[in-house]
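Chain letters run A, B, ... following the sequence lines, proteins first and then strands; every chain starts at 1.
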Amino acid sequence: MNQKNIRVRFAPSPTGPLHIGGVRTALYNYLFAKKNGGKFILRIEDTDQTRFVPGAEDYILEAFDWCGIEFDEGVSKGGPFGPYKQSERKNLYKAYADELIAKGYAYYAFDTAEELAHLRKQYEAEKKTFTYNAAVRQNLNNSLALPAEKTQRLLDDKTPYVIRFKMPDDRMVRMNDLIRGAVEVNADVLDDKILFKSDGMPTYHLANVVDDHLMEISHVIRGEEWLPSMPLHILLYEAFGWEAPEFAHLPLLLKPDGKGKLSKRDGDRLGFPVFPLQWRDPKTGETTRGYREDGYFPEAFINMLALLGWNPGDEREIFSLDELAEVFSIERVGKSGSRFDPEKARWFNHQYMMKMDDEDLADLFLPVLVEKGYMTDRDFIVEVIGLVKDRAHFVHELWEQSDFFFKAPDEFDPKAVKKRWKTNSYDQINELKEVLTAIDDFSSENVEAVVKAWIEEKEYGLGAVLNAFRLVIVGALKGPHLFDIVALLGQEETLRRLEIGLHELGRKES
RNA sequence: GGUCCGUUCGUCUAGCCAGGUCAGGACGCCAGGUUUUCAUCCUGGUAACACGGGUUCAAAUCCCGUACGGACUACCA
């Protein structure tokens, strides 16, 4: 009874394309909400005007749309707690900062960025770390150190200032993380973080806490990089007299090799996407590949991401989004970072490829065929897909697995020719032509039966004839069951290819 | 440097909380099988508890330390 409503949020900053680590964070939030009958909110955290990138917000929306992740509330969706973009909530944060000052939990600071940078350098030269905290704040340019009249004069003169949190100097902050358990930090190693910037915008810390409270967020599920600021946030809730949400800090996604977290460079270097969608940088015009454009199915992409850091506790690996939502639990999220494995990503896509309906695949394959200039009967395409889809990892690989269904070979693989086009091949294929011409029922089974009977009767080698046969039909020693191919191609086309093959390959002299 | 978090096959991981199984599965890799071919597929194999102490009859599992890795340490999020 009385259990708080579950409300979680994903709060990206629109500074560029969404990294797959971000997608995974959003996914876990989504799954947690769905599993617990809660709400999932999308909030845009654009309090840093200098880092705004045009198109980034649309990218985020489009990426989730592609993934099939839906929000209950948020930008472009609306909801009772809007607006959901922090720049549109700008005028509401200052009052909260003022409240903290009034209660003695925060103060004005007039130090310039240059002064602080200088101080940091000085400390560094002495091999010390500069921390803006209780130990030094009395010697700096702020409302705690200055006489009240001086502070008031600076304020009246419109001197630029920031508002800092007054970090307690002797206080053990005890916290709980849903994934890591108890965590405790002594506040005296923390610094007086800026809550409100001189440009009139709040920093992440203030905006995040205020909005999470106002939006009645029950669980904050976010990346591990936020773990070090959890004490600040807890203290902020405390200062406001608000009940803090539960926290869960997700482990990072790591590079496939070497050390460190997965970055865009790793994708470029190793040849796999790091972003869900292709992204064109508006400044440089540089284009970065995406999972969608690389041919991944959104279902496979999501499935792969979900299993990176979470597992169901049994040996299942293939899950739809709905199935994930049913079995997901935050307790089963691992503590350690997960190395991203591009090979396994491919494997997931292959699993979905094989499961996918031939008709649906035909819809996806059709544009590829049109582009190649082979517009064919749709039923034919569906048949082809049924024969080759198990062999491909991606839709675009369907073409290399099936090109011979759409055109007679324009060249014959030299290695295959050397291996399988022997002295007597010409005569045998020529004779096969007669055999095939005489067949009325050109079904796979019947052609196979007739051809095999003929080979047996003539005592030709099965492998010799069939491989030469495949060579002239396909152009290489590859592809599905040969008789399935010729049945689908039809009698006329099969005979035509035999003709072409005989002409091109000719009689091999011994 | 400081703070915090982490560490089971090459990789993703189960097992740890409630110590007792040849440490299980998947990807990859290797071998065999199926196939007239290639791919798929099937079967089998390969391979791990970071290290050192302690507690205990018994430690991957609990405790301490060490090493290594990571994140954070901005008027960025």
Side-chain angles (χ1 to χ4, degrees), chain A residues 11-15 45-48 50-51 109 111-113 116-117 120 123-124 127-131 160-164 177 179-181 183-186 189-191 193-199 201-205 207-208 222-231 249 251-252 254 256-257 259-261 304 307-317 331-332 334-348 350 354 388-393 397 401 416 419-420 448 451-452 455 461-471 474 476-483:
Chain A
S13 192
T15 53
E45 308 221 328
D46 55 349
T47 51
D48 185 357
T50 62
R51 293 211 308 162
D111 320 88
T112 64
L116 294 175
R120 286 202 181 87
Y123 271 68
E124 202 180 321
K127 294 225 184 279
K128 290 193 292 185
T129 310
F130 174 75
T131 311
Y161 66 87
V162 298
I163 297 175
R164 285 183 182 270
D177 183 280
I179 293 172
R180 287 149 219 286
V183 177
E184 53 175 48
V185 180
N186 195 329
V189 301
L190 271 19
D191 60 348
K193 273 275 176 300
I194 291 176
L195 302 177
F196 200 83
K197 300 183 275 185
S198 59
D199 66 358
M201 281 291 227
T203 60
Y204 169 83
H205 301 106
N208 167 267
R222 78 232 291 198
E224 191 183 0
E225 65 270 27
W226 294 110
L227 195 53
S229 39
M230 180 160 64
H249 290 91
L252 268 27
L254 274 21
D257 59 357
K259 312 164 172 175
K261 62 176 177 182
M304 175 271 294
L307 273 287
L308 220 48
W310 170 88
N311 74 83
D314 54 40
E315 279 157 14
R316 289 174 297 167
E317 293 203 277
E331 291 76 28
R332 295 210 62 88
K335 296 184 205 310
S336 52
S338 308
R339 230 176 245 279
F340 179 75
D341 182 2
E343 272 305 321
K344 190 124 188 191
R346 283 172 53 80
W347 176 81
F348 271 110
H350 183 226
M354 292 192 292
V388 304
K389 70 172 175 183
D390 285 2
R391 321 164 76 85
H393 283 69
E397 281 179 7
Q401 296 296 340
K419 191 175 172 194
R420 292 302 189 179
E448 179 167 1
V451 170
K452 282 187 170 168
I455 292 172
L462 199 66
V465 177
L466 262 18
N467 278 298
F469 188 13
R470 175 178 293 276
L471 184 59
V474 173
L477 299 178
K478 65 167 190 181
H481 192 55
L482 180 56
F483 296 100

Next item on the list: Taking atom P in both B:C5 and B:C16, compute the distance separating them and give it to the nearest angstrom.
Entry: 22 Å

Note to self: Counting the atoms with a prime plus P, OP1 and OP2 as sugar-phosphate, which does A:T50 contact under 4.0 Å by heavy atoms, base, sugar-phosphate, or nothing?
What the structure shows: nothing

Notebook entry, point to check: Which two nucleotides bound the region of RNA chain B that has atoms under 4.0 Å from heavy atoms of chain A, read 5' to 3'?
Noted result: B:G1 to B:A77

Checklist line | Base partner of B:U37, which must satisfy Watson-Crick or wobble distances under 3.5 Å | finding: none

Next item on the list: Pick base, sugar-phosphate or nothing for A:K127, based on heavy-atom distances below 4.0 Å to the nucleic acid.
Entry: nothing

Note to self: Let me spell it out: for each of A:E343 and A:A113, pick the nucleotide of RNA chain B with the closest heavy atom. Which residue's pick is nearer the 5' end?
What the structure shows: A:E343

Next item on the list: Could you work out the separation of B:G54 and B:A59 based on their P atoms and round it to a whole Å?
Entry: 12 Å

Check: Given that both distances must come in under 3.5 Å, which nucleotide forms a Watson-Crick or G-U wobble pair with B:G32?
Finding: B:C42

Next item on the list: For A:E184, enumerate each residue passing the salt bridge (Lys or Arg N to Asp or Glu O under 4.0 Å) test, keeping only those at least two apart in sequence or located in another chain.
Entry: A:R174

Check: Which part of the nucleic acid does A:H350 contact within heavy-atom distance under 4.0 Å: base, sugar-phosphate only, or nothing?
Finding: sugar-phosphate

Check: Looking at CZ of A:R51 and OG1 of A:T15, how far apart are the two atoms once the value is rounded to the nearest 0.5 Å?
Finding: 4.5 Å

Notebook entry, point to check: Only one of A:R180, A:K335, A:K261 forms a salt bridge (charged side-chain N to carboxylate O under 4.0 Å, His left out) with A:E224, so which one is it?
Noted result: A:R180

Item checked: Counter-base of B:C27, judged by Watson-Crick or G-U geometry with both distances under 3.5 Å -> B:G10

Check: What integer number of Å spans the C1' atoms of B:A14 and B:G24?
Finding: 6 Å

Check: Which part of the nucleic acid, if any, lies within contact of A:R332, taking any heavy atom under 4.0 Å across all strands shown: a base, the sugar-phosphate backbone alone, or nothing?
Finding: sugar-phosphate

Next item on the list: Quote, to the nearest angstrom, the C1' distance that separates B:G45 from B:C27.
Entry: 16 Å

Item checked: Pairing partner (Watson-Crick or G-U wobble, both distances under 3.5 angstrom) of B:G69 -> B:C5

Next item on the list: Give, for atom CZ of A:R316 and atom CG of A:N311, the distance between the pair rounded to the nearest 0.5 Å.
Entry: 10.5 Å

Margin query: At 4.0 Å (heavy atoms only), tell me whether A:L482 reaches a base, stays on the sugar-phosphate, or touches nothing.
Written below: base

Notebook entry, point to check: What is the base-pairing partner of B:C76, counting Watson-Crick and G-U wobble geometry with both distances under 3.5 Å?
Noted result: none

Check: Got a sec, which residues hit salt bridge (Lys or Arg N to Asp or Glu O under 4.0 Å) with A:K478, two or more places apart in sequence or on another chain?
Finding: A:D403

Next item on the list: Using the P atom on both, measure B:C9 against B:U61 and round to a whole Å.
Entry: 14 Å

Checklist line | Distance between C1' atoms of B:A48 and B:G28 (Å, rounded) | finding: 15 Å

Next item on the list: Using the P atoms only, state how far B:A23 lies from B:U34, rounded to an integer number of Å.
Entry: 34 Å

Next item on the list: Take atom C1' in B:G20 and the same atom in B:U55, then report the distance between them in whole Å.
Entry: 16 Å

Margin query: Students often get this wrong, so: under 4.0 angstrom with heavy atoms, is A:T129 touching a base, only sugar-phosphate, or nothing?
Written below: base

Check: Looking only at heavy atoms, what is the nearest atom pair of A:A345 and A:F340, with distance?
Finding: CB-CZ, 4.3 Å

Note to self: Under 4.0 Å, heavy atoms only, any strand: does A:V183 hit a base, just the sugar-phosphate, or nothing?
What the structure shows: sugar-phosphate

Notebook entry, point to check: Given A:K344 and A:D341, is the salt bridge (Lys or Arg N to Asp or Glu O under 4.0 Å) satisfied, shown in steps?
Noted result: CA-CA 6 Å; A:K344 190 124 188 191; A:D341 182 2; over 6 Å; no

Checklist line | Whichever of A:W310 and A:T203 has its nearest RNA chain B nucleotide further upstream toward 5' | finding: A:W310

Next item on the list: With heavy atoms under 4.0 Å as the rule, sort A:R470 into base, sugar-phosphate or nothing.
Entry: base

Notebook entry, point to check: Roughly how far apart are A:L462 CG and A:I455 CD1, rounded to 0.5 Å?
Noted result: 5.0 Å

